[in-house]
**Student:** 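Below: one structure in structure tokens.
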Amino acid sequence: MHFVADPATSQNPYEYYEDGALLVGSDGKVKAIGPASTIISSNYQAQVIDYSGRLIMPGFIDSHVHYPQTEMIGSFGQQLLEWLNTYTFPTEKQFSDKTYAKGVAKTFLNELMRNGTTTALVFGTVHPQSVDALFEEAQTRNMRIIAGKVMMDRNAPSWLLDTPATSYADSKALIQRWHKNGRALYAVTPRFAPTSTAAQLTEAGRLLQEYPDVYMHTHLSENKGEIAWVQELFPSSNGYLDVYNSFGLSRKRSVYAHGVHLRDDEFASLAQTQSAVAFCPTSNLFLGSGLFDLQKAEDYGVHVGLGTDVGAGTSFSALQTMNEAYKVIQLHKAYAEDPSTREPLTALKAYYLATLGAAKALDLDNKIGSFKVGNEADFIVVNPNATDLLKFRMQRATSIVDKLFVLQTLGDDRAIEKTYLMGKRQTVTTGTTGGYNYDYGYN
Ligand code: GUN
Ligand code: FE
């Protein structure tokens, strides 16, 4: 099962074969999909792996996540700005030590694999070596990862600050080392407007000018206190997005996490610049940030992908992220002036946002996110009956769409039976000492 179009605008957004097969070439790319009998009989030389009773889908894409925050997921009691000062900044300090960073990168990538997430757009820390550590680990697995070094030169502890000049030079060196090195892609990553001076945002814009095909990744309009603070720090700006726009940061491959409190003119601007928004429901609920207006983003034609935003997000699971996204949209209806204008989030749209929709948001739909012939064969094998409750409930699910909805509501990493990167099955063996003793190999 995979998507060929957006369920919001297409009558036939997906292809599903009840007894289907995915044919992968020796180059790790998709050669064909179709009915199993046809694929197998016309490719008699191919090795056949039988996953009867399972669902084969493209791997999930996480449009926004912080790998250094893996160890602080589920930290109690604060909203965004206090949460950053209390938990996040002290945690990120440790990533000046590359060996430490490598250990966390391993744990993080293992969690992605376990949850069926085959690509992610990832924040490092301010330390360039944190990004080297992640890319090196991703490369040993041949995993498509987009990441960048955080740029921040104010409003954080001194031990986490760079300068406009060092952030430019360090980011540039990382771009030259990693962008398009194997499957790695680079994202210029100013943390958010409050932690960058105008001089630093100017340098971020300069990098995008010099390297037009890299990504831009930051946070936008997540929390009301944050938005007010941005207005104080940039008093002549016309709102939060205008700050980024004025430094040339909005264009294709620009990804803004959250966008919970965007104004209508800001949605219009995002559409016009072809920027994307990462919808991070578990994070927006956990930090009490608010309810992202997916329907408005759709109306304005803004590209949206689903993000976990771990460690403010509470799960690495795309399924659980869809589950919470559904509830956010339910609350939108409940609080709408005219609830009759509000539609529930369908299962099809939810899976689309975690696969082809995210790939489009990341300008990668010619490589990942669907089983289009020639795409990289990053895929998962899902067991819809992975738990007793799933099995019990699935008996009542009659259509594939019903099954997908039950799976997102009740499923998590237990339902992800296998994860493949470019046609190669990945195995993750959980270790015991501090979580960093993971044994990792190919099968
Ligand atoms: N805004 C700036 N930094 C962060 C972060 O680390 N997490 C979240 N959720 N929002 C941010
Ligand atoms: Fe974030």
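Start at 1 and go down the list; that is how both ligands and their atoms are numbered. Along the sequence shown, residues carry numbers from 1.
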**Student:** Just by distance, with hydrogens left out, do H303 and D363 show a side-chain donor and acceptor under 3.5 Å apart?
**Tutor:** no

**Student:** Considering only non-hydrogen protein atoms, determine which one is nearest to atom 10 (N) of ligand 1 and report residue, atom name and distance to 0.1 Å.
**Tutor:**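 For atom 10 (N) of ligand 1, the nearest protein heavy atom comes out as E222 OE1, 2.7 Å.
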
**Student:** Is the centre of the Y186 ring less than 6.0 Å from the centre of the Y211 ring?
**Tutor:** no

**Student:** How does L84 reach ligand 1, if at all, at less than 4.0 Å between non-hydrogen atoms: by side chain, backbone, both, or neither?
**Tutor:**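 The part of L84 near ligand 1 is the side chain, not the backbone.
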
**Student:** Would you please indicate if the ring centroids of F316 and F60 are separated by under 6.0 Å?
**Tutor:**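 Ring centres of F60 and F316 not closer than 6.0 Å.
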
**Student:** N/O to N/O below 3.5 Å, does that happen between R191 and ligand 1?
**Tutor:** yes

**Student:** Got an N/O contact under 3.5 Å between E92 and ligand 1?
**Tutor:** no

**Student:** Identify, by atom number and element, the atoms of ligand 1 in contact range of H258, meaning under 4.0 Å from any of its heavy atoms.
**Tutor:** 9 (N)

**Student:** Within the structure, does D309 bring an N/O atom to less than 3.5 angstrom of an N/O atom in ligand 1?
**Tutor:**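 Checking ligand 1 against D309, an N or O pair does fall under 3.5 Å apart.
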
**Student:** With a cut-off of 2.8 Å, does any N, O or S atom of D309 fall short of it relative to the Fe ion (ligand 2)?
**Tutor:**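 Yes, D309 qualifies, because one of its backbone or side-chain N, O or S atoms lies under 2.8 Å.
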
**Student:** Under 4.0 Å from any heavy atom of H66, which atoms of ligand 1 are there?
**Tutor:** 5 (C), 6 (O), 7 (N)

**Student:** Does K349 come within less than 4.0 Å of E343, counting only side-chain N to carboxylate O?
**Tutor:** no

**Student:** Does any N, O or S atom of C280, backbone or side chain, fall under 2.8 Å from the Fe ion (ligand 2)?
**Tutor:** no

**Student:** How many degrees, to 10°, between H66 NE2 and H219 NE2 as seen from the Fe ion (ligand 2)?
**Tutor:** 90°

**Student:** For Y215, does the six-membered ring have the charged nitrogen or CZ of R144 within the cation-pi criterion, i.e. under 6.0 angstrom from the centroid and within 45° of the normal?
**Tutor:**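 The answer is no; the distance or angle limit is not met.
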
**Student:** Please work out, at 4.0 Å between heavy atoms, whether the side chain, the backbone, both, or neither of E226 comes within that distance of ligand 1.
**Tutor:**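 It is neither part, as no heavy atom is under 4.0 Å.
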
**Student:** According to the interplanar angle, ranging from 0 to 90°, do the rings of Y67 and F108 count as parallel (below 30°), tilted (30 to 60°) or perpendicular (above 60°)?
**Tutor:** tilted

**Student:** Distance under 4.0 Å to a non-hydrogen atom of A312: what atoms of ligand 1 satisfy this?
**Tutor:**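 With A312 as reference, the close atoms of ligand 1 come out as 9 (N).
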
**Student:** Centroid-to-centroid, Y352 to Y14, below 6.0 Å?
**Tutor:**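 Between Y352 and Y14, the centre distance exceeds or equals 6.0 Å.
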
**Student:** Verify, without hydrogens or angle tests, whether Q231 (side chain) and S237 (backbone) share a donor-acceptor contact under 3.5 angstrom.
**Tutor:** yes

**Student:** Look at atom 4 (C) of ligand 1 and say which protein heavy atom is nearest, naming residue and atom and giving the distance to 0.1 Å.
**Tutor:**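 So the nearest neighbour among protein heavy atoms is H219 CE1, 3.4 Å.
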
**Student:** Is the distance between the ring centroids of H219 and F123 under 6.0 Å?
**Tutor:** yes

**Student:** Would you kindly specify which portion of W83 sits under 4.0 Å from ligand 1, judged on non-hydrogen atoms: side chain, backbone, both or neither?
**Tutor:**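 It is the side chain that gets close, since no backbone atom is under 4.0 Å.
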
